[in-house]
Amino acid sequence: MEFTASQIASFIDGQIIGDESTVITGVSPIENGESGHLSFIAQDRFSHFLDTSKCSVIIVSEKLIDKVTYNPTLIVVKDAYLSFQILMNLYQEMQGRKEGIETGSSIHDTAVIGEKAYIGAFTYVSEKARIGEGSQIYPHVYIGKGVKIGKNCKIDSGARIYDYCIIGDNCVIHSNTVVGGDGFGFQPTAEGFKKIPQLGNVIIEDDVEIGSNCSIDRATIGSTIIGKGTKIDNLIQIAHNVKIGQNNVIAAQAGIAGSTTIGDWNQIGGQVGVVGHIKIGNQVKIQAQSGVNSSVNDKETLYGSPAISYNDYLRNYVHFRNFTEIVRRINNLENTSKDKTNE
């Protein structure tokens with residue numbers, strides 16, 4: 001698809017410096033710009049590319065403009081990164097959505113498929129499942145009994161949505177993620193560990209995105225809940241009866257144990273481990289590889305395992321790095337003190 005600089009500027013309310021008729025046919029990272037391509041610069045450390053990039057058109061934050069003319073055509077906006085995101089979303093929408101039911105899919109007679117939905121080949125939709133208007137279910141997806149999927153969702157190939165789980169509107173679930181698998185519930189007995197039936201479900205609220213190869217377990221009873229607007233990276237485990245609030249971000253390889261409650265607007269780093277049956281407040285930041293084993297108040301920033309205050313961790317880590325030298329100095333002081341005592 002081809003666009004002129006003028007057309008692009010109109011999409012993002014930008015001001016043009018240069019030739020507004022310049023045509024772009026592709027997009028490049030600013031470091032590897034190509035003629036005929038579009039890129040963006042939002043940070044000062046990349047501003048030198050305004051003079052050296054081969055890109056024909058660059059979207060740039062207004063704070064970085066310091067002269068009248070430049071070699072490429074510029075589209076000046078308040079926030080280049082945000083404007084570039086807007087363009088990418090517009091472009092994705094222009095690609096259109098698939099509609100209809102492909103040959104090879106299997107849909108139970110009692111299932112309800114909304115208007116303009118797409119069901120890919122080799123997808124199985126079980127009895128009494130409901131798929132909302134405009135939702136895209138790609139090939140090789142399993143939709144269990146009584147599942148409800150809202151409007152304009154995208155379920156990528158290989159995902160599995162188990163019985164009675166509920167997914168809101170505008171959700172994205174990437175490939176090979178399992179929603180509603182059994183929680184890890186076993187009762188120790190003299191004969192071994194006996195399985196506890198997992199009779200609940202998973203509720204995923206509106207505008208949630210879940211990466212690939214995640215496991216979100218159904219509740220033992222009640223629901224495991226993922227709140228509105230939450231974004232979950234790849235390779236994440238969320239155990240049974242966990243309740244996650246709104247607008248959280250959780251990075252790859254994190255694990256949250258059963259019955260833990262997490263508030264709103266939290267940031268959980270990669271490989272974080274959270275024990276079960278605790279409560280994490282709102283606007284908490286947990287640094288990567290931390291282990292959280294007790295409840296956390298609002299607006300705390302944690303680091304370490306077990307996790308402590310981020311600032312305390314950094315101060316203590318300075319001493320830890322010098323621990324051998326500190327022990328040597330203490331031993332020398334003790335020996336000096338003993339020598340003086342014996343004199």
*Asks:* Can you give me the closest heavy-atom contact between Cys214 and Asp233, atom names plus distance?
*Replies:* SG-O, 3.0 Å

*Asks:* Are Tyr164 and Ile143 connected, step by step, through hydrophobic side chains (Ile, Leu, Val, Met, Phe, Trp, Tyr) whose heavy atoms are closer than 4.5 Å?
*Replies:* no

*Asks:* Under 3.5 Å, is there a donor-acceptor pair linking the side chains of Asn176 and Ser212?
*Replies:* no

*Asks:* How far apart are the C-alpha atoms of Lys67 and Asp51, what are their side-chain angles, what is the distance that settles it, and do they pass the side-chain contact (heavy atoms from CB on, under 4.5 Å) test?
*Replies:* CA-CA 11 Å; Lys67 59 183 183 179; Asp51 296 310; 2.8 Å; yes

*Asks:* Of all residues at least two apart in sequence or in a different chain, which pass the side-chain hydrogen bond (donor to acceptor under 3.5 Å, both in side chains) check with Glu102?
*Replies:* Tyr118

*Asks:* Is any side-chain heavy atom of Asn201 closer than 4.5 Å to a side-chain heavy atom of Ile166?
*Replies:*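 With C-beta onward as the side chain, the pair touches.
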
*Asks:* Could you tell me the separation between the CG atom of Asp182 and the OG atom of Ser215, rounded to the nearest 0.5 Å?
*Replies:*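 If we round to the nearest 0.5 Å, Asp182:CG and Ser215:OG are 11.5 Å apart.
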
*Asks:* Atom CD of residue position Glu115 - does it have more than 12 heavy atoms of other residues, nucleotides or ligands inside 6.0 Å?
*Replies:*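 Count not over threshold, so no.
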
*Asks:* Any idea which heavy atoms bring Cys55 and Pro72 closest together, and the distance?
*Replies:* O-CB, 3.4 Å

*Asks:* Look at atom CZ of Arg328 and say whether more than 12 heavy atoms of other residues, nucleotides or ligands are closer to it than 6.0 Å.
*Replies:* yes

*Asks:* Under 6.0 Å from the NZ atom of Lys151, do we count more than 12 heavy atoms belonging to anything else shown?
*Replies:* no

*Asks:* State, to 0.1 Å, how close Gly150 and Cys153 come at their nearest heavy-atom pair, and which atoms those are.
*Replies:*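 Where Gly150 meets Cys153 most closely, the heavy atoms are O-SG, 3.9 Å.
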
*Asks:* Are any non-hydrogen side-chain atoms of Val27 and His37 less than 4.5 angstrom apart?
*Replies:* no

*Asks:* Look up atom CG in Leu74 and atom CD1 in Ile16, then write down how far apart they are to the nearest 0.5 Å.
*Replies:* 10.0 Å

*Asks:* Between Phe3 and Phe11, how do the two ring planes meet: parallel, tilted or perpendicular, split at 30° and 60°?
*Replies:* perpendicular

*Asks:* Rounded to the nearest 0.5 Å, what separates atom CD in Glu20 from atom OG1 in Thr73?
*Replies:* 9.5 Å

*Asks:* Using the side chain to side chain donor-acceptor pair (under 3.5 Å) rule, pick out the option among Gln198, His240, Gln237 that qualifies with Asp217.
*Replies:*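 Option passing the side chain to side chain donor-acceptor pair (under 3.5 Å) with Asp217: Gln237.
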
*Asks:* For the atom pair CG (Asn241) and CD1 (Ile225), what is the distance rounded to the nearest 0.5 Å?
*Replies:*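 The distance works out to 9.0 Å.
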
*Asks:* Using a 6.0 Å cut-off, check whether atom CZ of Phe49 has over 12 heavy atoms from anything other than its own residue.
*Replies:* yes

*Asks:* Sort and list the pairs that fulfil side-chain hydrogen bond (donor to acceptor under 3.5 Å, both in side chains) and have at least one residue in residues 273-295, not counting sequence neighbours.
*Replies:* Gln271-Gln289

*Asks:* Would you say that more than 12 heavy atoms from the other residues, nucleotides or ligands in this model lie under 6.0 Å from the CD of Glu325, or not?
*Replies:*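 Atom CD in Glu325 is crowded, with more than 12 foreign heavy atoms closer than 6.0 Å.
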
*Asks:* Using a 3.5 Å distance criterion without hydrogens, assess whether the side chain of Asp206 forms a donor-acceptor pair with backbone atoms of Asp169.
*Replies:*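 A pair under 3.5 Å: yes.
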
*Asks:* Please determine whether the number of non-hydrogen atoms from other residues, nucleotides or ligands lying under 6.0 Å from atom CD1 of Ile326 exceeds 12.
*Replies:*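 Atom CD1 in Ile326 is packed in, count exceeds 12.
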
*Asks:* Would you indicate whether Glu99, at its atom CD, is surrounded by more than 12 heavy atoms from other residues, nucleotides or ligands within a distance under 6.0 Å?
*Replies:*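 Yes, the 6.0 Å shell around CD holds more than 12 heavy atoms from other groups.
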
*Asks:* State plainly whether one hydrophobic cluster holds both Ile30 and Ile17, where clusters connect Ile, Leu, Val, Met, Phe, Trp and Tyr through side-chain heavy atoms under 4.5 angstrom apart.
*Replies:* yes

*Asks:* So how far is it from Lys243 NZ to Thr260 OG1, rounded to the nearest 0.5 Å?
*Replies:* 11.0 Å

*Asks:* Side-chain heavy atoms under 4.5 angstrom apart, residues restricted to Ile, Leu, Val, Met, Phe, Trp, Tyr: same cluster for Ile232 and Ile173?
*Replies:* yes

*Asks:* Is Tyr81 reachable from Leu90 through a run of I, L, V, M, F, W or Y residues, each pair having side-chain heavy atoms under 4.5 Å apart?
*Replies:*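 Linked within one cluster.
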
*Asks:* Arg97 versus Gln136: any side-chain heavy-atom pair under 4.5 Å?
*Replies:* yes

*Asks:* OH of Tyr162: more than 12 outside heavy atoms within 6.0 angstrom?
*Replies:*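 Counting other residues, nucleotides and ligands, OH of Tyr162 stays at 12 neighbours or fewer.
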
*Asks:* Under a 4.5 Å side-chain heavy-atom rule over Ile, Leu, Val, Met, Phe, Trp and Tyr, are Ile221 and Ile196 clustered together?
*Replies:*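 Shared cluster, no.
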
*Asks:* Please tell me if the side chains of Ile286 and Ile280 come closer than 4.5 Å, counting only heavy atoms from C-beta onward.
*Replies:* yes

*Asks:* Evaluate Ile250 against Ile244 for side-chain contact (heavy atoms from CB on, under 4.5 Å), listing each step before the verdict.
*Replies:* CA-CA 10 Å; Ile250 305 175; Ile244 296 176; 3.9 Å; yes

*Asks:* So that I know where these two stand, are Phe186 and Phe193 an aromatic pair - ring centroids less than 6.0 Å apart?
*Replies:* no

*Asks:* Enter the distance from Lys63:NZ to Gln43:CD here, rounded to the nearest 0.5 Å.
*Replies:*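 Atom-to-atom, Lys63:NZ and Gln43:CD are 7.5 Å apart.
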
